[in-house]
Asks: 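I have a structure here, written as structure tokens, and I will follow up with some questions on it.
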Amino acid sequence: MKINENRSVRELRKEAILETFFKTMKRLSENNPFVTYKEVIEKAVKESAPRFFVNYESARRLISLMARKKKLPMINKNKLEMYKEIYRRYVNSQKDGSGKYKSLETILSEPAPSFYVDTSTFQGLVYRTLRERCNYNNFINTLNTGVVS
């Protein structure tokens, strides 16, 4: 996946999730042409992500809290796990003596072990994005043909 920094982290995450969904569907349907969306989503949600989908400022703020042993202002277990992984990598990168937060931007762009979302969130993002694309394509077809479907 090519990273275009002009797009938001949210847009990048949606694109990466959809790409992972389709790759997983292709891989699973090679062996079983009757694979269900549910099976595809359950496998795809366990795939690794191309990067950590969090913006730099949020990551810097929370890493700073973790470094000072402060309580993080969140209860979402997936986000908490993501920040723990980022913090672990951050601490390891500080061993080489680099600047305080210089390595954080690099860490955020590295591949992540997962998308850090639960199955229902992953499914909702896939379905919503597909529905938006379908509506957009119908809109473009209407503009091109003048026929409303």
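Since the model is a prediction, treat every value here as computed from it, not as a measurement. These numbers come from the heavy atoms of this one structure, side chains and all, not from hydrogens, waters or symmetry mates.
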Asks: Taking atom NZ of Lys46 and atom NZ of Lys43, what is their separation to the nearest 0.5 Å?
Replies: 6.0 Å
Asks: With a sphere of 6.0 Å drawn around CZ of Arg10, does it hold more than 12 non-hydrogen atoms of other residues, nucleotides or ligands?
Replies: no
Asks: Taking atom OG1 of Thr121 and atom CZ of Arg128, what is their separation to the nearest 0.5 Å?
Replies: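 Atom-to-atom, Thr121:OG1 and Arg128:CZ are 8.5 Å apart.
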Asks: Would you find more than 12 non-hydrogen atoms of other residues, nucleotides or ligands less than 6.0 Å from Tyr127 atom OH?
Replies: yes
Asks: Measure the OG1-OH distance between Thr106 and Tyr90 for me, rounded to the nearest 0.5 Å.
Replies: 12.5 Å
Asks: Where do Ser48 and Ala112 come nearest, in terms of heavy atoms and distance?
Replies: CB-O, 3.2 Å
Asks: Less than 4.5 Å apart, any side-chain heavy atom of Leu65 and any of Leu62?
Replies: yes
Asks: Report the C-alpha distance between Phe52 and Glu85 in whole Å, list the side-chain angles of each, state the deciding distance to 0.1 Å, and finish with yes or no for side chain to side chain contact (heavy atoms under 4.5 Å, CB included).
Replies: CA-CA 10 Å; Phe52 288 96; Glu85 176 63 19; 3.7 Å; yes
Asks: Any salt bridge linking Lys23 with Glu19? Criterion: basic side-chain nitrogen under 4.0 Å from a carboxylate oxygen.
Replies: yes
Asks: At what distance, to the nearest 0.5 angstrom, does OG of Ser58 lie from NZ of Lys79?
Replies: 8.0 Å
Asks: If every non-hydrogen atom of Lys84 is compared with every non-hydrogen atom of Met66, which pair is closest and at what distance?
Replies: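 Closest approach of Lys84 to Met66: CA-CE, 3.8 Å.
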Asks: Taking it one step at a time, do Leu28 and Asn32 satisfy side chain to side chain contact (heavy atoms under 4.5 Å, CB included)?
Replies: CA-CA 6 Å; Leu28 292 176; Asn32 178 8; over 6 Å; no
Asks: Got a second to check how far Tyr87's OH is from Asn92's CG, nearest 0.5 Å?
Replies: 10.5 Å
Asks: Mind listing the closest non-hydrogen atom pair of Arg89 and Pro113 along with its distance?
Replies: NH2-CD, 3.7 Å
Asks: Please check if the number of heavy atoms outside Glu42 that lie under 6.0 Å from its CD is greater than 12.
Replies: yes
Asks: Within the distance-only criterion (no hydrogens, no angle test), does the side chain of Arg68 pair as donor or acceptor with the backbone N or O of Ser64 below 3.5 angstrom?
Replies: yes
Asks: Working note: Leu108 + Asn55, criterion side chain to side chain contact (heavy atoms under 4.5 Å, CB included); need CA distance, chi angles, decisive distance, verdict.
Replies: CA-CA 8 Å; Leu108 295 179; Asn55 67 41; over 6 Å; no
Asks: Looking only at non-hydrogen atoms, find the nearest pair between Val54 and Val9 and report the distance.
Replies: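 Residues Val54 and Val9, closest heavy atoms: N-CG1, 3.4 Å.
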Asks: Looking only at heavy atoms, what is the nearest atom pair of Thr24 and Val40, with distance?
Replies: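 Looks like CG2-O, 3.7 Å.
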Asks: How are the rings of Tyr37 and Phe21 set relative to one another: parallel (under 30°), tilted (30 to 60°) or perpendicular (over 60°)?
Replies: tilted
Asks: Heavy-atom distance under 4.5 Å between the side chains of Val117 and Arg13, does that happen here?
Replies: yes
Asks: Before you tell me yes or no, could you show the steps for Glu11 and Lys14 under side chain to side chain contact (heavy atoms under 4.5 Å, CB included), namely the whole-Å CA-CA distance, both residues' side-chain angles and the distance that decides it to 0.1 Å?
Replies: CA-CA 5 Å; Glu11 290 171 337; Lys14 277 180 14 179; 5.6 Å; no
Asks: Could you report the tightest heavy-atom contact between Glu57 and Arg60, atom names first, then the distance?
Replies: OE1-NH2, 3.1 Å
Asks: From Leu12 CG over to Ile17 CD1, what is the distance, rounded to the nearest 0.5 angstrom?
Replies: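 Output value for this atom pair is 11.0 Å.
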